[in-house]
Amino acid sequence: MKVFMTGGTGFVGANLTGTLLEAGHEVRILTRPGESRRSIPAGAEVVIGDPAVRGLWQERVADHDVIVNLAGASIFSRWNDARKKQLRSSRILTTRHLVEALGRGSGEGKLLLSTSAVGYYGFHGEEVLTENDPPGTDFLASLAADWEREALADRGLGVRTVICRFGIVLGKNGGALAQMLPLFKLWAGSPLGSGRQWFSWIHEGDLAEIFLFLMEHGEIDGPVNFTAPEAVTNEKFTKTLGEVLKAPTFLPAVPGFMMKLVLGEFGDVLLKGQRVAPHKLQDAGYAFLFPSLREALADLLAKE
């Protein structure tokens, strides 16, 4: 198949591109002028353009069978008004412009795989959340709901649309794990706040394979939780990561008030979390490569 991708220069996009190419698909990655292309695997074609701005790049979209929408500024930062505006515009405008581009041709037989996040559900403590649950009311949940609404605007075009609600992606070359490792290697890893908040995660290998699975299963549409079957608490994640690294985690938990002082509103995302289950994938018969956290970390950290 011919695949058009936004956000392909990030660590998730680079990993997914490699998997798509290995599976025999053609991949074209929308890249902003001047943006580094070092992470783009050989064999992928580059299309120049800014997805947040309408342009000639939109004329290329309708020529593809699959559109993968990964673009969006990272949420891992302190949120002020300017940052919140950037988080919204990088997601809403990109998705709106992709849907507009799809409307320039026939949508029949095309597939839009548009990213969202488990933050869509808001904070529910111990409750297990599935694709049937409604959105929350905090900033991240509202952002995810608006983001998804833009993607679903293409349904009148005949496009099959899958909303990919990512958990925390664990990978070798970036993301949350890369930020954690330096502290853990110094034996300075510790739980965050109470440590009882749930941590829904996915191994980068499963994430890429799920995209292939969805491309092959035309009966699946709407929201899909990209999370491993074994959600864990932050305390268990911390303990398991320390054990896999053989780095003791004996320090006291980082106080919640300190995290909120440093990270502001974003601190709540790390201190509350969600317990999310991948019901749609399991019902459709997807077999996880890394269903447990210990297996996933052992694979990712094999050379550490």
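Residues: numbered from 1 along the sequence shown.
In this structure a side-chain-to-backbone donor-acceptor pair under 3.5 Å is present from E131 to N225. Between the side chain of Q58 and the backbone N or O of G55 there is at least one donor-acceptor pair closer than 3.5 Å. At least one donor-acceptor pair closer than 3.5 Å links the side chain of T6 to the backbone N or O of L70. Side-chain atoms of W187 never come within 3.5 Å of backbone atoms of G242 as a donor-acceptor pair (strictly under, hydrogens ignored). Although no hydrogens or angles enter the test, the distance criterion places no donor-acceptor pair under 3.5 Å between the side chain of D299 and the main chain of A296. The backbone N or O of N234 sits nowhere less than 3.5 Å from a side-chain atom of Q197 that would complete a donor-acceptor pair. Side-chain N or O atoms of D50 include none that pairs as donor or acceptor with a backbone N or O of R32 at under 3.5 Å. A donor-acceptor pair under 3.5 Å is formed between the side chain of K110 and the backbone N or O of H64. Looking at K280, its side chain does come within 3.5 Å of a backbone N or O of P223 through a donor-acceptor pair.
Between R165 and Y121 the shortest side-chain heavy-atom distance falls below 4.5 Å. Side-chain contact between R275 and L129 is absent, with no heavy-atom pair separated by less than 4.5 Å.
When the ring pair (Phe, Tyr, Trp, His ring centres under 6.0 Å) test is applied to H124, no partner is found at least two apart in sequence or on another chain. By the ring pair (Phe, Tyr, Trp, His ring centres under 6.0 Å) test, F76 is found to be paired with F266, residues two or more places apart in sequence or in another chain being considered.
Checking W198 against E126 by side-chain atom types alone, a donor-acceptor pair falls below 3.5 Å. R37 and T31 form no side-chain donor-acceptor contact under 3.5 Å, judged by distance and modelled atom types alone.
A side chain to side chain contact (heavy atoms under 4.5 Å, CB included) with R96 holds for exactly one of V99, I92, L98; it is I92.
Surrounding CZ of R104 are more than 12 heavy atoms belonging to other residues, nucleotides or ligands, all under 6.0 Å away. Within 6.0 Å of CZ in R196 there are 12 or fewer heavy atoms belonging to other residues, nucleotides or ligands. Around the NZ atom of K236, the shell of radius 6.0 Å holds no more than 12 heavy atoms that belong to other residues, nucleotides or ligands.
Taken to the nearest 0.5 Å, the OG1 atom of T115 stands 8.0 Å off from the CZ atom of F226. Atom CG of residue L113 and atom OG1 of residue T161 lie 9.0 Å apart, to the nearest 0.5 angstrom.
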Side-chain donor/acceptor pairs under 3.5 Å, residues 8-20, sequence neighbours excluded:
from, atom 1, to, atom 2, distance (Å)
T9, OG1, E35, OE2, 2.7
N15, ND2, E204, O, 3.0
T17, OG1, G13, O, 2.8
T19, OG1, N15, O, 3.2

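Under a hydrophobic clustering in which Ile, Leu, Val, Met, Phe, Trp and Tyr are joined whenever their side-chain heavy atoms come within less than 4.5 Å, directly or via other members, W79 and L143 fall into the same cluster.
Between Y286 and F288, the two ring planes are perpendicular [angle over 60°; tilted spans 30° to 60°].
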